[in-house]
Amino acid sequence: AKRLLRGFRRTKRVSMNLSQSLLLRPSPAGGQHGLLHLVDSCRAAAHLPTLRAVHARLLLLQHLPSSAVARVKLIQAYAACSALPAARAVLTSSPDRTTVFFNVLLRALTAASLHREALLLFASMRPQGPSCSPDHYTYPLALKSCAASGSLRLGVQIHASIARLGLDANLFVAHSAISMYARCGRPDDAYQVFDEMQHRDVVSWNAMISGFAHAGLFQRAVIIFRELVGLQCPQPDAGTMASILPAMGNAKAEDIAFVREVFDKMQFRGLISWNAMLSIYAINGLHVKAVELFMRMEKDAVEPDGMTLSTVLPCCGQVSAFSLGKRIHEIIKRKGMCPNMLLENALMDMYANCGCLNDAREVFDAMGSRDVVSWTSIISAYGVRGHGTEAINLFENMLGQGLQPDSIAFVAVLAACSHAGLLDVGKHYFDCMTSRYQITPKAEHYTCMVDLLGRAGCIREAYDFIMAMRMKPNERVWGALLGACRIHSNMDIGLLAADSLFRMVPDQTGYYVLLSNIYARTGRWADVTSVRSVMASKGIKKLPGASNVEIGDQVHTFHVGDRSHPQSEMIYKKLEELLGRIRGMGYNPGVEGTLHDVEEEEKEGHLSVHSEKLAIAFVLINTSPGTPIRITMNLRTCSDCHHAAKLISAITDREIILKDINRFHHIVQGVCSCGDYW
């Protein structure tokens, strides 16, 4: 009491306001009422000095009839001010403590993720006597801490006590039991609790959906979700959308469409529901749909939060939706949402993926603090453009800042070395990763090294490197070697790589196409026919190329030979004009890698309508001179389109940024950032 009174004296020098007048008020009853009002208003760490002063004053009034109420309020207030030891001290010093006292502190401890402390407090209740016995508010809190800490054995004991007391019919208790069993790896027990419930509300269903999702039983979560929707009562809510989200990674198209249908029919769509639907699209690579949904969100005047923007920004980058990404940046500025490392990293990633390296660098340079993710993003941005030296300098600067590179940072710097052909530097960093930083290489690191060696023409060394790997090479490793064999027309090792791939992933289209191209480049047309016959017999079809471009607020997608666009006639007319002009500069379609069983003119016609050429023509007729052309592709660009894009850039005086599945090609005045090393 003396210590608290001293704190009050220090505080009163800076509290010449209502708070001070209440503290000094002499009337016991009126004073306590005003002081309790002050206690209720203390809800942040900055209020702690005032709260201590009020507490000191209340100690002088401790014999009033309502002193128990005052102590409960003090526990709540200290917890809200992040002063949990003080809250615990109030509980310990209370002679008339009851279950309510414990419940208030338990809630604060679980909210602060202090689950061990919460369970110890729970265990101390019953020995205090009948007035401190756990009730239907206590048990859900204890079960929550069991779930968060993985304390299954204690959770089962608590659930048994609940059943003996007849509290298992309580909805809140049952929901907590479902979550506890599911999160502790017992989803079948969770379902048993759910199945035995006589009455279920929407929270019951949400708990079971979430339980299966967190247990990795994604399809069972979807089944429960569909059952809930089929009942029509209760109606799915924001909690339902949040619960199904973890189960929707790599989801089936029909399940995604079903969740979207539920979302569209929801009467009240709060921000949580919007964020969940956006995330479902994003994690499944449906970036165009995510962008379109965000634009609908804007139209419906739903105010986004940081989670919304950090979800949609990477999608903008993936489809080169630069203008939307720029507008989101303005929203972030207007709302004063930075500094926020998550958002700043997402912004940097968006600009980099839209081909705006300078804008990405501006975001990076303006960051007040940077983590390894920030550095890795900017290193990768330079690396995929072939700016290997700049990427390496950034990596060294990161080390100079005292940051410890993780495995992903090493993937970024190794990939940068590969794209720039920095063979010796790449070897140095791989050795450094294992020897100095004790990071065990993963498949991604091995893939980068095989790609690095292969691009440099060291095909045999790359093969020997694979043979010496400490782990079994996966399809990405063998795929990198096969790709290198295509570049350097190495038939012998290419066949070895292809054989390994077809045993691992017999239905993967891309590897058949690579092998077919190796045969085609060496004129072995009979073998090309054999590969394509195998593809036909297995029902394997080549993935059609697609190119995305953004005009205004709309993303347009083109496929090879596409004539579905409303402006098709104008697009083909423009493309014919462009091809005519670049032929005058010596352009000759590279037909050696196309289908061998058609006439030469037909091969050339096939190349002329590749999706990236159509996209370039479309942007040229719909934008003003000097506007950069940004195209995102789902496949690796072909050498013919790369050559044509360089010439079109020169004759139209346009920057062309081609982002294919492997890297960026930033073309200015006919010169590409890749240096034709790709």
Ignoring hydrogens and angles, state whether a donor on the side chain of H419 or Y677 is under 3.5 Å from an acceptor on the partner side chain. no
Electrostatic pair E292-K289, nearest N-O below 4.0 angstrom: no
Among all residues two or more places apart in sequence or in another chain, which pass the salt bridge (Lys or Arg N to Asp or Glu O under 4.0 Å) test with D451? R455
Is it true that D640 and Y587 share a donor-acceptor pair across their side chains at a distance under 3.5 Å? yes
Salt bridge between K427 and D431, side-chain N to carboxylate O under 4.0 Å? no
Please verify the inter-ring angle class for F364 with W375; under 30° counts as parallel, over 60° as perpendicular, anything in between as tilted. perpendicular
Side chains of N622 and Q567: any donor to acceptor distance under 3.5 Å? yes
Is the backbone N or O of T447 less than 3.5 Å from a side-chain atom of R476, with the two atoms forming a donor-acceptor pair by type? no
Using a 3.5 Å cut-off and no angle test, enumerate the donor-acceptor pairs between side-chain atoms of residues 504-514 and protein atoms at least two apart in sequence or in another chain.
{"unit_1": "T509", "atom_1": "OG1", "unit_2": "K541", "atom_2": "O", "d": "3.1"}
{"unit_1": "Y511", "atom_1": "OH", "unit_2": "E475", "atom_2": "OE1", "d": "3.1"}
{"unit_1": "Y512", "atom_1": "OH", "unit_2": "P506", "atom_2": "O", "d": "2.6"}

Please list, chain by chain and in numerical order, all residues satisfying side chain to side chain donor-acceptor pair (under 3.5 Å) with S374, sequence neighbours excluded. N345, D371
Hey, does Y382 have a side-chain heavy atom less than 4.5 Å from the side chain of T389? no
Residues 649-656, side-chain donor-acceptor partners within the protein, below 3.5 Å, at least two apart:
{"unit_1": "S649", "atom_1": "OG", "unit_2": "R654", "atom_2": "O", "d": "2.8"}
{"unit_1": "S649", "atom_1": "OG", "unit_2": "Q669", "atom_2": "N", "d": "3.2"}
{"unit_1": "S649", "atom_1": "OG", "unit_2": "G670", "atom_2": "N", "d": "3.4"}
{"unit_1": "T652", "atom_1": "OG1", "unit_2": "I648", "atom_2": "O", "d": "2.6"}
{"unit_1": "D653", "atom_1": "OD1", "unit_2": "Q669", "atom_2": "NE2", "d": "2.3"}
{"unit_1": "R654", "atom_1": "NH1", "unit_2": "T623", "atom_2": "OG1", "d": "3.0"}
{"unit_1": "R654", "atom_1": "NH1", "unit_2": "T627", "atom_2": "O", "d": "2.9"}
{"unit_1": "R654", "atom_1": "NH2", "unit_2": "T623", "atom_2": "O", "d": "3.3"}
{"unit_1": "R654", "atom_1": "NH2", "unit_2": "T623", "atom_2": "OG1", "d": "3.4"}
{"unit_1": "R654", "atom_1": "NH2", "unit_2": "S624", "atom_2": "O", "d": "3.1"}
{"unit_1": "E655", "atom_1": "OE1", "unit_2": "H666", "atom_2": "NE2", "d": "2.7"}

With sequence neighbours left out, what residues match E569 under salt bridge (Lys or Arg N to Asp or Glu O under 4.0 Å)? none
Should the pair R327-E298 be classified as a salt bridge under the 4.0 Å nitrogen-to-oxygen rule? yes
Can the positive tip of R524 be found less than 6.0 Å from the middle of the six-membered ring of Y519, inside 45° of the ring normal? no
Would N397 and N393 count as having a side-chain donor-acceptor pair, cut-off 3.5 Å? no
List for me each residue that meets side chain to side chain donor-acceptor pair (under 3.5 Å) alongside E577, sequence neighbours excluded, and say none if there are none. none
Just do the salt bridge (charged side-chain N to carboxylate O under 4.0 Å, His left out) check on K646 and D676 with the steps written out, would you? CA-CA 11 Å; K646 291 196 296 181; D676 294 330; 3.0 Å; yes
